[in-house]
Protein chains: 2
Amino acid sequence: MARTGRPRGFDRDAALDAAMHLFWEHGFEPTTLNMLKEAMGGISPTSFYAAFGSKEALFREVVERYRVTHGSVTDILRDESLPPREVVETCLRRSVAMQTDASHPIGCLVTQAATNCGPENQFAAEVLSAERRANFDAIFKQVERDIASGHMPPDTDAHANATLFSTFMVGIATSARDGASREALERAVSLAMASWSVCQPTEK
Amino acid sequence: MARTGRPRGFDRDAALDAAMHLFWEHGFEPTTLNMLKEAMGGISPTSFYAAFGSKEALFREVVERYRVTHGSVTDILRDESLPPREVVETCLRRSVAMQTDASHPIGCLVTQAATNCGPENQFAAEVLSAERRANFDAIFKQVERDIASGHMPPDTDAHANATLFSTFMVGIATSARDGASREALERAVSLAMASWSVCQPTEK
DNA sequence: TCCATTATGTATCGCTCGATACGGAATTAG
DNA sequence: CTAATTCCGTATCGAGCGATACATAATGGA
């Protein structure tokens with residue numbers, strides 16, 4: 001795209017990754033321009049604003065980046081061919097594995113990067129809350145699909161079940177940061193999935 | 001104590017309550033001295049520091065205040081006489097009721113007030129994390145007690161069960177802020193408690 | 001070669017942050 | 001009364017915040 005002019009002196013893609021790690025670990029507000037510039041290789045403020053526009057614009061870009069990389073563990077929630085129970089269980093197991101992976105900050109950017117926002121930065125809280133609510137809706141639809149397919153009993157409370165699994169999922173982030181191991185969370189997922197009710201098998 | 005000198009011109013107890021509500025809603029860092037002073041009736045910086053010492057000291061005092069007021073919904077986790085399952089269920093139901101009560105900020109101060117802290121304010125994150133880990137330990141002991149009393153099967157994975165219920169509990173805060181109703185969360189608690197395994201009743 | 005374009009480096013901007021200095025006001029003890 | 005004590009109001013501190021001004025360097029196209 002940039003066909004003329006002085007070439008950029010740093011790797012924009014790597015800089016975006018560095019920003020994602022900072023926002024992931026500290027959250028939107030505590031991550032300062034100085035931290036970002038430093039992590040991007042000590043670039044100047046001019047370079048920063050030329051490349052990303054503003055801290056807010058960078059954050060929005062980082063969220064999108066997270067969504068299609070580490071955050072893609074929830075993509076399976078949109079699948080309509082796999083068995084719903086398998087969908088939710090796989091999502092939870094992938095979330096646990098991702099959030100406890102030491103190659104990046106512990107926890108979840110979507111759940112934790114904009115919890116403490118001043119009134120002037122509510123946009124960040126809203127961006128992430130919208131992501132989480134979309135995940136809730138996807139879980140809800142999976143439960144509905146499981147009921148429709150005859151696996152969960154017809155009188156199943158779909159909304160309550162979606163609330164249960166969604167609440168457990170967002171809780172993983174806090175538990176992981178508080179020191180819960182991947183193994184412990186995996187076993188907790190197994191217990192949670194055991195509460196995915198199924199129709200009583202007909203007597204043979 | 002203060003028997004001489006000019007009397008304080010504001011209600012320190014009410015000011016502490018106002019600070020708790022601010023930290024609860026916005027978190028430690030986004031809550032500014034100006035917001036605090038304003039909420040305390042427009043007191044001067046001098047009055048603030050004379051009464052509370054520093055923002056950090058005030059936060060520590062607020063956490064203690066929260067712990068013995070709204071946060072006391074987890075006190076039952078230390079009970080050793082009630083049936084463990086009833087203890088955990090009651091704690092979850094009280095947490096849901098408290099966190100969705102519109103008379104104060106939605107969610108949980110312990111879970112959410114220090115999620116986004118810069119390196120210079122890690123103390124806040126650690127103070128709250130310690131509270132949460134203490135709750136996990138208490139849940140763990142309840143599960144162990146239920147196993148010892150013969151309700152849960154002897155081969156029950158106590159740590160996994162504690163992780164499950166603790167993770168669900170901290171997740172309530174995020175779900176509540178994302179708009180989950182008290183009723184939906186109550187029904188989710190019912191579903192969660194159904195996974196509290198019990199020994200198969202002996203055939204009669 | 002000259003120019004338009006794009007990025008860069010340095011030096012700041014105005015603002016708000018948490019926290020203090022300093023003098024004065026209100027109370028009690030003697 | 002005076003003295004000691006405690007709190008208050010105003011003005012401001014140094015530091016860091018996000019963001020910008022301005023001149024300069026490096027590239028491609030005509």
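Proteins get letters first, then strands, A, B, ... in listed order; numbering begins at 1 in each. Quantities reported herein were computed from a predicted structural model and do not represent experimental measurements.
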Of B/Glu29 and B/Pro7, the one whose nearest nucleotide on DNA chain C sits closer to the 5' end is B/Glu29

When rounded to whole Å, the CZ to P distance for the pair B/Arg6 and D/dC7 reads 10 Å

### Message
Need one value for B/Thr32: base, sugar-phosphate or nothing, where a base atom within 4.0 Å counts as base even if backbone is also close, heavy atoms only.
### Response
sugar-phosphate

So that I can tick it off, tell me whether A/Lys141 and A/Glu144 are bridged by a salt bridge, with the cut-off set at under 4.0 angstrom between side-chain N and carboxylate O. no

Notebook entry, point to check: When only distance counts, do a donor and an acceptor, one from the side chain of A/Thr4 and one from the base of D/dG29, lie under 3.5 Å apart?
Noted result: no

- OP1, OP2 of C/dG9 versus side-chain N and O of A/Ser44: anything below 4.0 Å? yes

Base of C/dA19, side chain of B/Ser54 - is there a donor-acceptor contact under 3.5 Å? no

*Using a cut-off of less than 4.0 Å, is there contact between a side-chain N or O of A/Asn34 and OP1 or OP2 of D/dG16?*
no

When rounded to whole Å, the CD to C1' distance for the pair B/Glu56 and C/dC17 reads 16 Å

Notebook entry, point to check: With a non-hydrogen cut-off below 4.0 angstrom, is B/Phe10 in contact with a base, only sugar-phosphate, or nothing?
Noted result: sugar-phosphate

message = Check B/Glu56 with B/Arg60, please: is the shortest side-chain N to carboxylate O separation under 4.0 Å?
response = yes

Whole-Å distance, A/Glu120 CD to D/dC17 P, equals 15 Å

Report task. Fit a plane to each ring of B/Phe52 and B/Phe10, take the angle between them on a 0 to 90° scale, and name the class: parallel (under 30°), tilted (30 to 60°) or perpendicular (over 60°). Result -> tilted

To the nearest angstrom, the CZ-P distance between A/Arg8 and C/dT5 comes to 18 Å

Could you check whether B/Phe136 and B/His159 have their ring centres less than 6.0 Å apart?
yes

A/Asp11 CG to C/dA7 C1', in whole Å, measures 15 Å

A/Lys37 NZ to C/dA11 C1', in whole Å, measures 12 Å

Atom OH of A/Tyr49 and atom P of D/dT20 are separated, to the nearest Å, by 7 Å

Atom CG of A/Leu33 and atom P of D/dC17 are separated, to the nearest Å, by 8 Å

Cation-pi, A/Phe28 ring and A/Lys55 (6.0 angstrom, 45 degrees): yes

Just call it for A/Ser47: base, sugar-phosphate, or nothing, with non-hydrogen atoms closer than 4.0 Å on any strand. sugar-phosphate

